[in-house]
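Numbers for residues simply follow the sequence, beginning at 1.
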Amino acid sequence: PPIPHAMWMLWCTQTLALSLHLSADRSSKHLEYSKWKRSPYKHQSNVICSFLRLDLLPAKNGEEVTKHFLQELLNILLAYISKSLNRSSKVLDFHHPHQLKEGLEGFSLELQDQPDNLEQLLVDCQDTLKYGVKTAHPCFFNQLSTGLDIIGLAGEWVTSTANTNIFTYEIAPVFILMEDIIFKKMHSIIGWSEKEGDGIFCPGGTMSNLYSVLLARYHFFPRVKTAGMLALPPLALLTSTHSHFSIKKSAAVLGIGSESVFLVKCDESNYIGEYNLVLYPQGLVPFYVNATAGTTVYGAIDPLNDIADICERFGLWMHVDAAWGGGLLLSKRHRMKLQGIDRASSITWNPHKMMGVPLQCSVILVQKKGLLQECNQLCAEYLFQPDKHYDVSYDTGDKSIQCGRHVDIFKLWLMWKAKGSEGFESQVNHCLENAEYLYYKLKSRKDFQLVFQSQPEHSNVCFWYLPTSVRNMPPGPERDRELHMVAPKIKAKMMEEGMTMIGYQPLGDKVNFFRCVFSNPATQKEDVDFLLDEITRLGRELYS
């Protein structure tokens, strides 16, 4: 059959581009591109070096170029994922900021007036991944959010392809219903009845905690919505010294003031002691208590039932920041650590942490149904018309302080379909088993010292590496000064070599220590052993 003119021109252009590609003196980038053409994922030769963004859909007859471009991008992503999970590969190829700004091997961050072709864009994608951190690597222990779930990744691709907002049912009908299903599931896991409870997805745990303070203030002082701070007495919030900084930040953002946040001291087990409400200056009105289920550094869990008793006694809003610890609710073995969470007025839960959902995925869950709507709704007529032909209670956008909101639900919903609750339970148990393994390894060695001797409640394990020179020093300020420099020196060398990565920090009167956290299901005991071996090797090189 005759070839359509547009397809004929496309073929000619590709053939000409191929000839130029083979005959020209290509740069190193084009040599890198030729490696992609030998990729095991390729089934045909896709020559797109002469095409520009304007040749992609929605350009007329842009289907083939778009397909080739996305296939090449998929090859890059598959190669990166495979490399990320290869233990012999580096966690990062570290370069200082000035080096990346100046450009490396032709990789430039600068923006030009003239457009680059699609081949260059693919090279830029590959270089961006090359110089970044492989957070999916089994030896990446640096953050609370690690790993890469392939089903979650697929969900993120579908979400971006749909490219819709999630404030009304009319433009996100399936996603809106998925949110409703997920919230009911999470409420049930917490222990709330199906008839009560509400929630909304937020851009991170800090925003979820901000919602909790906002809702608590409106619950006790609803006139603040219209009259502002003049309608309020001087307020006080209570939280522990080890709680997340977002509680203070929320008080600052909402005009309550960070000085109105009172920190309750923790004992050596990291538990909150008695909340002594009589210590506050006269005239301040306590209204909100934050309990933490899984502190960022230690993974400690506050005694939720005891705090709930105090909140009920004094009529206070109880919020549980379970951004890190919420995943424990999915484990029959560990959910008892969060006893009393069902008594909370609101809960922050980040599925992008222990549950392994790709960033970002955070929720604020509220026990009182309708409070989110009452607190935040302004009934914008261009979005939330009451006379729509469907049930407008599914127009959830007015519950949010945002207008546009990213669709975070689908990747979580799809992962839950793929794993089931049992799959998440197995994943959580595996991460805590890794933490237990590390804890006992450290306890048996003289060149390491645990920050706390008690077994960790979560998957956080905090410890010092003790070079021989430090180990032989008597306790005191001089030893502390020397020990304080050990972790930063080892971490710097570790990042330069790039084979593993772990965080460190001081806290209170404790000098710099390593904090290892487990949330990557790909991490195995052999990776824990490798981490200790690397710290020991680097420590000996630095302190020999």
> To the nearest 0.5 Å, what is the distance between CD (Q360) and NZ (K411)?
Replying inline: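 Rounded to the nearest 0.5 Å, the CD-NZ separation comes out at 6.5 Å.
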
Check this for me: does any side-chain nitrogen of one of [X] and [Y] sit under 4.0 Å from a carboxylate oxygen of the other?
X    : Y    : value
K368 : E196 : no
E433 : R333 : yes
R87  : E526 : yes

Counting only heavy atoms not in [X], do more than 12 fall under 6.0 Å of its [atom1]?
X    : atom1 : value
R223 : CZ    : no
K249 : NZ    : no
F530 : CZ    : yes
K525 : NZ    : yes

Under a 3.5 Å distance rule, please check whether [X] uses its side chain to pair with a backbone N or O of [Y] as donor and acceptor.
X    : Y    : result
S145 : H352 : yes
T295 : G299 : yes
H137 : L92  : no
D398 : F384 : no
D302 : L304 : no

In the structure I gave you, are the side-chain heavy atoms of [X] and [Y] within less than 4.5 Å of one another anywhere?
X    : Y    : value
F141 : V91  : no
Y465 : I490 : yes
V407 : T164 : yes
L237 : N290 : no
I189 : L330 : yes
K225 : N376 : no
L450 : V461 : yes
R405 : N165 : yes

>> On the six-membered ring of Y504, is K491 placed so that its NZ or CZ lies under 6.0 angstrom from the centre and within 45° of the ring axis?
In response: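 Not satisfied by the 6.0 Å and 45° rule.
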
Looking at every non-hydrogen atom in both residues, tell me the closest pair between [X] and [Y] and how far apart they are.
X    : Y    : result
I341 : A322 : CD1-CB, 4.3 Å
L144 : W324 : O-CZ3, 3.5 Å
W317 : C311 : O-SG, 4.3 Å

> Y169 vs Y390 aromatic rings, parallel, tilted or perpendicular, using cut-offs 30° and 60°?
Replying inline: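 Answer is tilted, since the angle falls between 30° and 60°.
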
>> Please verify the inter-ring angle class for F514 with F463; under 30° counts as parallel, over 60° as perpendicular, anything in between as tilted.
In response: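 Taking F463 first and then F514, their aromatic rings sit tilted (interplane angle of 30° to 60°).
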
Side chains of residues 253-263: which donor-acceptor pairs under 3.5 Å do they make with residues two or more places apart or in other chains?
| from | atom 1 | to | atom 2 | distance (Å) |
| --- | --- | --- | --- | --- |
| S260 | OG | L235 | O | 3.4 |
| S260 | OG | I256 | O | 3.1 |

